[in-house]
Every structure is written in C-alpha cells, then in structure tokens.
Amino acid sequence: MRRTYLATLALLLAGCGTLPSLEGRVESHSLTDTAGTRLGRAAAPDLAAHPGKTGIHPLSDAPGAFAARALLAAAADKSLDVQYYIWHGDQTGRLMFEALWHAAQRGVRVRLLLDDNGVAGLDDTLAALDAHPSIEVRLYNPFVNRRSRLLGYATDFTRLNRRMHNKSFTADGQVSIVGGRNIGNEYFGAGDAVLFEDLDVIAVGPAVRQVSEAFDLYWNSASAYPAALLLDAAGPDAAARLQADLAAARADPESVRYVRALAETELVRELLAGRLPLEWTNAHVLRDDPAKTLDTASRKELLLFTELLRTTADPTKSFDLVSPYFVPGPEGVAALGALAQRGVAVRVLTNSLAATDVGAVHAGYAKHRPELLRAGVRLYELKPTAEKDAPRPQKSGGGSSSASLHAKTFALDRSHVFVGSFNFDQRSAHLNTEMGLMIESAPLGRHFAATLDEDLGRTAYEVVLTPGGALEWVEGNARHDSEPGVGALRRAW
C-alpha cells in the first residue's frame, strides 16, 4: 500500500514540472505595409469611398465560413495571424493546416497562436509546422506534461483552469474573420459530428487594425510560449511526413466531397467574383487583457464582461441574446431582469438539456430560469435537431440533422450587434479571455431579430411558468412538464 502511494506521488510530482523561461523570446508585431498586397488593392476603393468605416459581412453558413478562411489563406501575400481556442486534427482541421502550409511555402509569414487545452494529440503536427522557416507556433497557457493534461490540472489547476477562448483569422492586416467558430468539423458542417450553429463576421477596414493589435498583445504576452520550448524537436523528415499526412487528409473521400461542395457555395462564388456584399459601418473590438490569465485579483479593467454589462444597460426597446452556455449568475440575472422590468423586450436563446454538449453548464443555468421568467425575460432553448435549409456538403439527402447552438451574439434595439467568443456565463466573465466585434448595424440587427422571429417557434422550445410556478416547455400546441428530449438519468445528472 505504501509503495503504491509513493509511486502515485512520484508520478504526480513528475507531472508538476515548471514552465520554461521566456528569456530570449523575440517579440513580433503585425505587418502594416500591406496596402500593396492583393487584398490591400482589392479593399482600397471601398475603403476610400467609406473613410473611417468598417465593412462587415456575416458568416452564418458553416461551409461558407470554412471557405472564407481557406480563400483568405490562399489570397495572403505577406502575413497570416491566426488565433484559436480549439483546433481539431480532423478533415477541416488538416485542410486548414494545409492552407497555412501552402501560404508559408509562398513566403507568407504565418503566426499561429493556439490555446494549449484545445490541441491535444497535435504535438507532432505543430512541431512540424513550427519548423517551417515562415511559420511560428505559440501555445497559450501551456501544459508542462505533454502526455497527461489530467495530471496537469491536478497539479496546477488554478493556472490551467484559465483559457484563451479568442478566435480570429487575419490576412495581410487587411481582412479579419472574428466570431464563435473554432477549427473542426462540427464548426464547418463536415463529417458526422453534431453541427454547431454558429456565427462569424468578415471585417475589412479600421476594425481589422484593432484585431491585429489584440493579436499582438496576446502573441507577446507572458502566457504565449514558443512551441519549440515545449514540444519535441521535429525530425529531419518531419516536413515530408506532414505533407504526406495533409495530402492523405485531402484525398479522404469525405474531404473530397466537402471540398467539391465548397465550390458550389454562394459565398465562394461571390468572393471569387469580387462582389461580396459588405455593410460599411462603425465597428470596434471588445477584448479581455491577456493579463486576466495570470492575474487572479478580479481586476475589473481586465474584464470584457464589465464593458458588456455597461453596453447592455443602454437598450430601450429590445435585447436579443444568443449564448450556448448561458449561466448569468446574480449580476447577469439582475441586469437582464432590470431591462425587462423597464419595458425592454428581452429574449434569450440557449441550448436545451437535450442539445447541450456540456450538461454541467446547463445545470448552472437551470436554477436561474424561474427568477428570469418572473422578471419578464423570455427564454428559449434550442431543440436537439434543427431543420437545415440545405444538406451538409458531404450528404446527399436533406431533413433534420443533430445540432447544438454555439453562436455567441446579442443585439440591442435591432441596431447594435455583438459577435464574438463571449458566452454569457461565469467562465467567460471571470476565467477565460474573450474577444468580439461590437457593430453598429441596423440591417444586421433587424436581420438577427427577424431570424429569431422566424426560427424560434420551429427550432426551439419556449420555457414558461405555469400559474402554479412550475416550468413548462412549449412546442407548438404541445407542452412538456419536464426537460424534453432526455430521460430521467440525464435530467438527474
């Protein structure tokens, strides 16, 4: 027994190593001399016609959102700055790695900043990418023990529990994609995974400079470690093996069908024809400071949540919130309730228990439902299946597909819209770093509200209070007196 205890203790201590020193790490910054690039020349006429304004195009279609990133990577002449929380090694993940590799082969400088919690199993791939002379990979808030993240959490939980949830993709400092999508099949409508209903925006103009400044802040922060300090060195044949692996991923039958279908998407046709519609308006970046990762003092100036609370105090007519993980906490409940009490129409769409991929988060939200409903907030929960306007690219049939909400957005008075990575929950508020764009856009706000008007009755349950104070889930003419679509064991969990 004593030997077993000592062996376990030794194993734990072995996983409790220290992070390498950042002494000698070289700072780098976004390139600004990019007006002469293909993207810079293409944007110049519109930028001149709309001084001080940012061009915005929403990306609600999953395959189109992938295609937009791939086309930006192919169009870049000088730089790609890419920042994500999760990057899977599946079909779309490897296709996107291939896009970055091809850009680097053309001489494009690629900076890839990834939260280390979301890249499990990709060490060899990342080491091979990092070995390319035009690619630098940094891992944010990394695990010292590369074999067991569980041991890392057991020995360094306070630090590792704080993650970089930001998502941005910027080409030549001219065009950015910001929103809720990570990199993986479920975000882009590929494979057989549950489809995450999500939202990004393409941005051109002054807001892109702000996205680049935010990227630089994180890239040069105390939590961003060069991959070479943490990963085993890539062998002499690493590049050849990586290219073979990426080629095999592209030749996979599902990848072939997916890529073929991308060419048929409306977004790709518009991009290739140079006629992507942009709304020119005011937009600015809201972001956390990366110091939030290491500073546990709850300093308000570090919190994007504080600024969002100030922003949401402004609506006079309507406030529509979409958040997959909705755990408002006392502050959020009070803020939303106060809006509803003063006559603002407040609607919240989140995942139902049957649709969520994190049941424990749903439990954190569920206890607040009665108080929110009594205050006049209208609550909707996405059903576990959502009718699709078109089949996924690799599918031949239509009908329903398993779906889970992942978009993080809200609209105030149908005139201001936030699109980003922020979930209206305690993790986003106090632990993870987040970012997004606040966009002044009546057309986008009206479209967002109209989409909810049209879809909520079809794709979501409305949660209501009975006269006796019990919860009911309304689905057309049907009413459920317990969480619909799940069994007793799931509800108990």
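- The side-chain heavy atoms of L139 and L126, taken from C-beta on, include a pair separated by under 4.5 Å.
- A salt bridge is defined here as a Lys NZ or Arg NE, NH1 or NH2 lying under 4.0 Å from an Asp or Glu carboxylate O, and K78 with D33 meets this definition.
- Between the side chains of Y153 and N117, at least one donor-acceptor pair of N or O atoms lies under 3.5 Å.
- Across all their heavy atoms, N141 and R162 have their closest contact at ND2-O, 2.7 Å.
- Closest non-hydrogen pair, A65 versus D200, comes out as CB-OD2, 3.9 Å.
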How far apart are the C-alpha atoms of V285 and V178, what are their side-chain angles, what is the distance that settles it, and do they pass the side-chain contact (heavy atoms from CB on, under 4.5 Å) test? CA-CA 10 Å; V285 170; V178 175; over 6 Å; no
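- Figure legend: cation-pi geometry between R181 and Y187 absent, as NZ or CZ is not positioned both under 6.0 Å from the six-membered ring centre and within 45° of its axis.
- Looking at H406 and N182, their side chains come closer than 4.5 Å, going by heavy atoms from C-beta outward.
- Here CD of E279 is found 6.5 Å from CG of L444. Values are rounded to the nearest 0.5 Å.
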Output, in order, the C-alpha distance, side-chain angles, deciding distance and verdict of ring-ring contact (aromatic ring centres under 6.0 Å, His included) for Y258 and F66. CA-CA 10 Å; Y258 185 78; F66 178 89; 5.6 Å; yes
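- Looking at K317 and D413, no side-chain N of the basic residue comes within less than 4.0 Å of a carboxylate O on the acidic one, giving no salt bridge.
- Closest approach of G189 and A62 over heavy atoms only: N-CB, 3.7 Å.
- Every side-chain hydrogen bond (donor to acceptor under 3.5 Å, both in side chains) that D123 has, sequence neighbours left out, goes to R146.
- When all heavy atoms of R94 and L246 are compared, the closest pair comes out as O-CD2, 3.5 Å.
- In this structure, Y140 has its ring center no closer than 6.0 Å to that of Y85.
- Between the side chain of S318 and the backbone N or O of P315, no donor-acceptor pair lies under 3.5 Å.
- Between W219 and D81 there is no side-chain heavy-atom pair separated by less than 4.5 Å.
- No side-chain heavy atom of L129 sits under 4.5 Å from any side-chain heavy atom of L100.
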side-chain contact (heavy atoms from CB on, under 4.5 Å) between V175 and V208, worked out: CA-CA 6 Å; V175 184; V208 177; 5.6 Å; no
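- Of all the heavy atoms in A190 and T92, the pair that sits closest is CB-CG2, 3.7 Å.
- Every ring-ring contact (aromatic ring centres under 6.0 Å, His included) that Y365 has, sequence neighbours left out, goes to F326, H362.
- Within the 4.5 Å cutoff, the side chain of R347 has no heavy atoms near those of the F410 side chain.
- I86 is not listed as a side-chain neighbour of D115, based on a closest heavy-atom distance of 4.5 Å or more.
- Using a 4.5 Å heavy-atom threshold, the side chains of R427 and N161 count as touching.
- Residue N432 comes nearest to H165 through the heavy atom pair CB-CB, 4.1 Å, listed as atom of the first residue, atom of the second, then distance.
- T281 and E440 share no donor-acceptor pair across their side chains, judged by distance under 3.5 Å alone.
- Applying the 6.0 Å contact sphere to CG of D232 captures no more than 12 heavy atoms from other residues, nucleotides or ligands.
- Partners of E307 by side-chain hydrogen bond (donor to acceptor under 3.5 Å, both in side chains), not counting sequence neighbours: none found.
- With a 6.0 Å radius and a threshold of 12 heavy atoms from other residues, nucleotides or ligands, D357 has its CG atom above the threshold.
- Side-chain contact of R25 with N220: a donor-acceptor pair under 3.5 Å is absent, judged by distance alone.
- T34 pairs by the side-chain hydrogen bond (donor to acceptor under 3.5 Å, both in side chains) definition with Q174, not counting sequence neighbours.
- Under the 4.5 Å side-chain criterion, counting only non-hydrogen atoms from C-beta, Q105 is in contact with H132.
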Walk me through it: do F319 and L336 pass the test side-chain contact (heavy atoms from CB on, under 4.5 Å)? CA-CA 9 Å; F319 180 70; L336 294 175; 3.5 Å; yes
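- Residue pairs that meet the side chain to side chain donor-acceptor pair (under 3.5 Å) test with at least one member in residues 46-63, sequence neighbours left out, are K53-N282.
- Using cut-offs of 30° and 60° for the angle between ring planes, the F424 and F422 rings count as perpendicular.
- The side chain to side chain donor-acceptor pair (under 3.5 Å) test with T433 singles out one residue from D289, D288, N166, and that residue is N166.
- Residues passing the side-chain hydrogen bond (donor to acceptor under 3.5 Å, both in side chains) test with D425, sequence neighbours excluded: S428.
- A donor and an acceptor atom, one from each side chain of R111 and S30, are located under 3.5 Å apart.
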